[in-house]
Amino acid sequence: MLDTASHPVIPTSSHSVPTTTGAIRALGKNPATAPIVLHPGDSIPASRRVLYIIVLGALTALGPFTIDLYLPAFPVLEADFQTTAAAIQLTLTGTMIGFALGQLIVGPLSDKVGRRIPLLSVTALHVAASIFAALAPTLGTLSVARVLMGAGAAAGGVVAAAIIRDLFGGKRLVVMLSRMAMVSGVAPVLAPLAGSALLLVMNWRGIFVVLAVYGAVMLVSAILFVPETLPPARRGGPGSSTVWQRYGSVFRDRVFIGVLIIGAMAFSGLFSYLSASSFLFQVTYGFNPQQYGVLFAVNSVGVVVGVQIASRLAARFGPQWVLAVSTAVLVIAGGAIVVTDQLGLGLWGTVIPLFFFMTACGFTFPCAQVLALDRHGKAAGTAQSIIGAANFGVAGIISPVVGLLAAGSGITATTMASVMVGCAAIGVLSLWLLVRPRTVERLAP
């Protein structure tokens with residue numbers, strides 16, 4: 001296991017000296033021709049980078065699995081607890097609130113004490129909370145367990161992104177985040193398929209046992225393979241020695257605030273779909289859990305495709321210009337769902353524009369994250385925690401609105417998409433009024 005707690009990640013067989021630009025020149029047999037390492041991760045072997053991508057991506061995927069794996073069971077939970085669809089959606093809201101609170105704690109803590117301790121502690125909490133959920137006798141108890149599960153899964157995404165930012169910057173940061181997102185992006189595709197398949201052989205409680213096992217595997221993997229990437233010398237410094245100073249440094253950044261709103265609105269639109277889709281497709285359109293899982297997976301492929309294409313476009317044209325297109329597509333695709341539903345075009349009138357909405361989300365998320373983290377390398381954990389807290393916190397508040405709008409009449413494509421369009425429109429306004437793409441500097445090499 002690579003330990004970077006005390007030393008930067010540079011080849012140990014050579015000496016290094018800093019340059020006047022702050023880069024590191026790794027000196028070998030011929031110092032005059034030795035490469036300049038702009039960021040610590042530039043000198044990590046390719047095989048080690050692949051390992052980081054897999055493990056950190058899987059840790060990040062713990063969050064989507066925690067959310068999506070039980071979505072096909074929503075109608076079953078509604079019948080089992082003899083309650084309403086809106087009440088079941090609140091368990092999803094509780095999960096996202098847990099994510100938000102967990103990230104607000106884990107992010108700044110990881111900037112203060114290092115990455116590993118918060119990662120291991122909170123992932124262990126996820127394992128315990130998953131077992132608690134599997135044994136929950138009432139809906140209230142399940143809701144509490146879901147809050148704790150969300151808090152426990154929070155560490156994976158926050159610390160993984162912070163570790164990547166510790167090691168990389170500029171255009172390589174775009175590449176590494178997109179590749180990690182490709183691994184974690186498999187989760188929304190596989191989770192509903194796995195959840196619907198699990199319901200064939202077990203009840204909904206078994207799903208939470210599976211999540212406990214996944215969390216335990218991630219905990220062991222983190223112990224064995226995830227190094228400490230924040231040396232003690234970088235855990236305190238001028239302007240970033242306290243939590244409040246770190247929060248202040250990011251909240252004073254206009255561009256950060258703008259992309260924070262964009263990411264939160266795109267995420268809220270996505271989760272409006274997540275909270276409504278199980279009822280929409282299984283109740284309104286008559287899908288069984290397995291058919292719903294396949295449809296959900298196909299739509300989720302759009303997110304994965306969008307993330308990978310966005311990384312190439314962002315490196316070439318700038319993430320702010322990718323956001324200019326993707327946020328517009330979010331509004332158009334969401335509006336198209338409303339129009340086609342009102343025209344009575346049925347299932348295909350919903351799923352086709354929905355796929356474009358999901359793909360646009362895939363373009364939006366990594367670009368917003370890159371713009372935020374690239375500007376705040378010294379407070380990467382804090383910045384990522386704010387992003388995650390805003391995403392899940394705002395989405396947790398907004399996603400139940402679909403159920404409230406549909407109260408008494410059932411969830412329709414129009415009620416779902418109306419919330420999606422509203423969120424996307426706020427994202428567009430934030431881009432052009434706060435971020436202002438023409439004022440954002442290009443990414444460094």
Side-chain angles (χ1 to χ4, degrees), residues 58-106 118-159 187-188 191-192 194-196 198-199 201-220 222 271 274-275 278-279 289 385 388-389 391-397 399-400 403:
L59 278 165
T60 304
L62 181 61
F65 264 108
T66 297
I67 294 166
D68 297 345
L69 196 65
Y70 88 132
L71 290 179
F74 268 21
V76 178
L77 285 165
E78 182 182 5
D80 197 5
F81 287 114
Q82 297 181 345
T83 186
T84 63
I88 298 300
Q89 286 177 319
L90 286 176
T91 65
L92 180 61
T93 298
T95 309
M96 291 185 286
I97 291 174
F99 262 82
L101 295 176
Q103 291 184 78
L104 286 175
I105 295 171
V106 172
L119 174 62
L120 301 180
S121 301
V122 184
T123 304
L125 172 64
H126 177 274
V127 176
S130 298
I131 297 172
F132 183 32
L135 301 175
T138 66
L139 183 60
T141 306
L142 177 62
S143 298
V144 172
R146 291 295 292 171
V147 173
L148 295 176
M149 288 179 68
V158 172
V159 177
S196 58
L198 289 172
L199 288 175
V201 297
M202 63 181 64
N203 60 23
W204 61 266
R205 297 181 186 276
I207 291 177
F208 294 113
V209 174
V210 171
L211 284 171
V213 173
Y214 180 23
V217 171
M218 288 298 94
L219 179 60
V220 173
F271 269 83
L274 289 180
S275 65
S278 183
F279 298 105
S385 73
N391 286 353
F392 286 98
V394 174
I397 294 171
S399 60

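Just the heavy atoms: all of them, side chains too, but no hydrogens, waters or symmetry mates, feed the values below. The chain is numbered in sequence order, starting from 1. Every value quoted in this text rests on a predicted model; they were computed, and no experiment measured them.
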**Study point:** Sequence neighbours excluded - side chain to side chain donor-acceptor pair (under 3.5 Å) pairs with any residue from residues 136-159
**Key:** Thr95-Arg146, Thr138-Thr141

Exercise for review: Quick one: which residue pairs count as a ring pair (Phe, Tyr, Trp, His ring centres under 6.0 Å) with a foot in residues 124-155, not counting sequence neighbours?
Suggested key: none

Study note, to complete from the structure: Of all heavy-atom pairs linking Ser196 and Pro72, the shortest is N-CG, 3.8 Å

**Study point:** For Phe99, ring pair (Phe, Tyr, Trp, His ring centres under 6.0 Å) partners two or more places apart
**Key:** Phe392

Name each donor-acceptor pair under 3.5 Å that joins a side chain in residues 205-220 to protein atoms two or more places apart or in another chain, with its distance.
from: Arg205; atom 1: NH1; to: Ala134; atom 2: O; distance (Å): 3.1
from: Arg205; atom 1: NH1; to: Ala136; atom 2: O; distance (Å): 2.6
from: Arg205; atom 1: NH2; to: Ala136; atom 2: O; distance (Å): 3.0
from: Tyr214; atom 1: OH; to: Ala58; atom 2: O; distance (Å): 2.7

Point to revise | Heavy-atom side-chain proximity of Leu77 to Leu139 below 4.5 angstrom | key: no

Practice item. Could you pull out all residues at least two apart from Asp80 that satisfy side-chain hydrogen bond (donor to acceptor under 3.5 Å, both in side chains)? Key: Trp204

Check your understanding: So how far is it from Thr66 OG1 to Leu92 CG, rounded to the nearest 0.5 Å?
Key -> 11.5 Å

Review point. Which heavy atom in Gly63 sits nearest to a heavy atom in Ala153, and how many Å separate them?
Key: CA-CB, 4.0 Å

Check your understanding: Roughly how far, to the nearest 0.5 Å, is CG of Leu90 from CD1 of Ile97?
Key -> 8.5 Å

**Study point:** Thr93 side, atom OG1; Ile397 side, atom CD1 - distance, nearest 0.5 Å
**Key:** 9.0 Å

Review point. Can you check side-chain contact (heavy atoms from CB on, under 4.5 Å) on Leu119 and Leu59, steps first, answer last?
Key: CA-CA 10 Å; Leu119 174 62; Leu59 278 165; 4.1 Å; yes

Point to revise | Sequence-distant partners of Thr91, side-chain hydrogen bond (donor to acceptor under 3.5 Å, both in side chains), two or more places apart | key: Tyr70

Point to revise | Contacts of type side chain to side chain contact (heavy atoms under 4.5 Å, CB included), residue Leu104, not counting sequence neighbours | key: Tyr247, Ala389

